[in-house]
Amino acid sequence: MNMNKKIKYIDGIRFYRSIVVGINNLISRQDYLNQINVFPVPDGDTGTNMAFTVNEILEGTSGTVSSKIGKMSQQVADLALDGARGNSGAILAQFFVGLSESLENKDKMSVQDFAEAFKKASDNAWDALSNPQEGTILTIFKDLSKFLLDYTSEPNNNDFVPLMSACLQEAQKSLDNTPKQMQILQKAGVVDAGAQGFVDLLEGINEFIQSGRLKDLGSIINTPKEFEDFDNSHDFSNLTYQFCTECVIEGDSLDKSKIKSKLMDIGDSLVLAGSKKKIKVHIHVNKPHELFEVCNQYGISKNHKADDMFKQQELVQLGKTNKIALVVDSGADFDVEKYFDIFVVPVRYSFGDQGYIDKVSQSVTDFYKELESNSMHAKTSQPTPGDFRRQYQYLNSYYDSIISLHIPEKLSGTYQSACVAAKNTSGANISVIDGKNMSVGLGLCIEEVAKIMKESNLSHEQIVIKINKIIKNTKVFTAVKDLSYAVKGGRVPKAAKTISNIFNFKPILSIGEDGSMKKAGIYFGKKNIPQKLFNMINKKIDSRVKYNVLIGHANSIEDGEKAKLLFEEKSDIFKNIRLLEIGGALGVHTGPGAISVAIQKIDD
């Protein structure tokens with residue numbers, strides 16, 4: 001530590017530079033964080049999710065640095081919220097939101113201001129979770145908050161240089177204690193990955209505070225904004241193509257002329273801007289996944305976006321209505337094109353560094369092909385709070401209220417992301433509901449809700465009550481053909497697969513009333529899976545009741561058709577039987593060959 005150096009305040013520029021060094025240190029530790037990730041699910045993606053989240057800050061703040069700490073912290077918070085990936089990313093984003101709220105309208109931050117802001121940030125992160133756990137990044141927040149308030153209560157402790165050094169030591173002490181607070185960490189012999197990531201961030205921040213050097217960061221500090229010549233304005237008056245689509249291509253020697261020539265064949269309103277290392281693409285197309293397939297031939301494509309201009313145009317023409325919008329996520333499998341007032345926020349997944357938006361960036365068929373051929377197993381992450389917030393803000397201009405219905409909180413952070421976004425969307429009436437169902441099960445729930453919204457004049461509150469009944473009336477059963485995908489994704493222990501192989505059985509999975517995954521039954525052998533699944537479901541139903549049926553297949557159309565015929569043979573009980581393809585949100589865990597059947601009681 002430089003004993004002669006003193007820093008009595010942090011302004012926007014110092015805050016930005018320290019955050020940048022911290023972020024780069026965190027990103028450099030990404031692989032290690034993935035390796036020690038065991039909670040809440042050992043799916044090896046905490047490092048990836050935290051890196052995605054903080055990288056959004058890097059890309060969004062470059063060239064837009066404010067000298068005022070209030071404005072700069074607000075910008076960081078907004079970018080973190082928009083880019084938050086995974087539980088750890090969402091928690092970190094909420095921390096930055098709380099920090100910025102405390103620093104609002106401030107030009108500079110004293111050590112006392114920092115302590116108070118950190119307390120606000122910690123409280124904000126704890127409040128964001130419905131079931132916060134000790135032994136996680138939240139514990140680091142709480143322990144540091146107490147330390148900072150105690151440390152800064154002494155008037156002479158007004159220098160950031162010794163403060164940040166002591167803060168890092170205290171964070172390391174809290175981190176080392178996390179295995180004692182959570183048995184799963186102690187058993188694995190690791191600390192919490194999210195907590196480690198935050199300590200890595202602090203370590204980088206402290207390095208800058210102590211040395212003042214922007215080591216090995218090249219031109220990342222105060223670089224001009226990328227794509228200054230980029231213009232994505234367009235004329236909606238005579239639309240030929242449905243989707244306004246964008247992405248960024250990153251590579252070593254990108255050739256804009258070649259990329260432009262290739263893309264002109266698939267759409268119009270093409271705009272390309274950037275350099276040999278990074279190009280932003282804007283184009284109107286009918287099949288967004290075709291754009292991303294082309295872009296992936298030249299480098300890694302990122303920041304995928306595809307907006308339905310046909311739907312946008314119709315909403316503009318209709319203007320503000322007293323109707324209710326239904327927001328769902330792509331973890332639900334149903335025929336979305338049949339419903340105008342339903343809006344899907346896609347789940348994300350990635351194969352290595354290449355990220356995708358479920359059912360948008362890649363066709364479902366191509367997803368399963370890559371799932372089988374790519375040596376790197378796909379990793380899923382929930383939509384960011386920013387994804388939901390943008391959707392909510394947009395819909396609030398056209399609808400009276402919003403109901404947001406999602407895959408279970410116990411299986412995904414999607415519900416939590418939606419809750420965070422709803423909390424941060426001012427002036428909107430939003431109800432976020434845990435659908436306690438998955439895939440075609442949630443799809444059946446959504447279709448029934450859409451029917452009620454269209455055919456009745458029920459109020460927002462009355463529909464919410466109806467939804468809870470619909471959820472209870474709907475069950476989903478999934479026969480998994482190959483457990484290796486669930487093992488790779490951390491959803492099933494390796495030992496369970498070993499036992500399954502020895503005794504030649506596979507599970508039939510369902511969702512419990514609390515939204516958790518449970519085993520509904522087993523089947524033996526690899527043949528006649530549709531018949532075995534049908535037999536189990538047939539034993540569980542009430543023969544006096546009629547049921548709607550929705551069947552999903554994971555790249556296994558023949559088995560799907562067989563299952564459909566079996567249910568059609570009992571048409572006195574099973575009604576409205578349909579078949580569709582299971583998307584990547586569930587397919588990444590079930591793998592190819594799975595069959596999923598949802599049944600829903602029909603109320604007389």
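When reading the values below, keep in mind they use all heavy atoms of this one structure, side chains included, and skip hydrogens, waters and symmetry mates. Owing to the predicted nature of the structure, the values given are computational and were not obtained by experimental measurement.
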Do we see a donor-acceptor contact under 3.5 Å between the side chains of [X] and [Y]?
{"X": "E370", "Y": "N374", "answer": "yes"}
{"X": "S301", "Y": "Q354", "answer": "yes"}
{"X": "Q242", "Y": "D308", "answer": "yes"}
{"X": "S361", "Y": "H304", "answer": "yes"}

**Prompt:** Does atom NZ of K311 have more than 12 heavy-atom neighbours from other groups under 6.0 Å away?
**Reply:** yes

**Asked** Taking atom NZ of K320 as the centre, does the number of heavy atoms from other residues, nucleotides or ligands within less than 6.0 Å exceed 12?
**Response**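 Atom NZ in K320 is crowded, with more than 12 foreign heavy atoms closer than 6.0 Å.
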
**Asked** In Å, rounded to the nearest 0.5 Å, how long is the span from CD of E290 to CG of N286?
**Response** 8.5 Å

**Request:** Would you sort out whether Q196 and Y32 count as a side-chain hydrogen bond (donor to acceptor under 3.5 Å, both in side chains), showing the intermediate values?
**Result:** CA-CA 10 Å; Q196 177 68 69; Y32 174 69; 4.7 Å; no

**Request:** Mind jotting down which residue pairs meet the salt bridge (Lys or Arg N to Asp or Glu O under 4.0 Å) criterion with at least one end in residues 52-72? Sequence neighbours excluded, please.
**Result:** none

**Request:** Could you check whether the rings of Y151 and F147 sit parallel, tilted or perpendicular, using 30° and 60° as the cut-offs?
**Result:** tilted

Within the 6.0 Å centroid threshold, strictly below: [X] and [Y]:
{"X": "F367", "Y": "Y356", "result": "no"}
{"X": "H406", "Y": "F388", "result": "yes"}
{"X": "F343", "Y": "Y399", "result": "yes"}
{"X": "F95", "Y": "F118", "result": "yes"}

**Request:** Please examine the side chains of E170 and D143, heavy atoms only from C-beta on, and report whether any two atoms are closer than 4.5 Å.
**Result:** no

**Asked** Only one of D78, L81, I19, L79 clears side chain to side chain contact (heavy atoms under 4.5 Å, CB included) with F96; which?
**Response**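 Only one option passes, and that is I19.
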
**Request:** Could you tell me whether the side chain of N206 and the main chain of S165 form a donor-acceptor pair under 3.5 Å?
**Result:**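 Yes; at least one donor-acceptor contact below 3.5 Å.
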
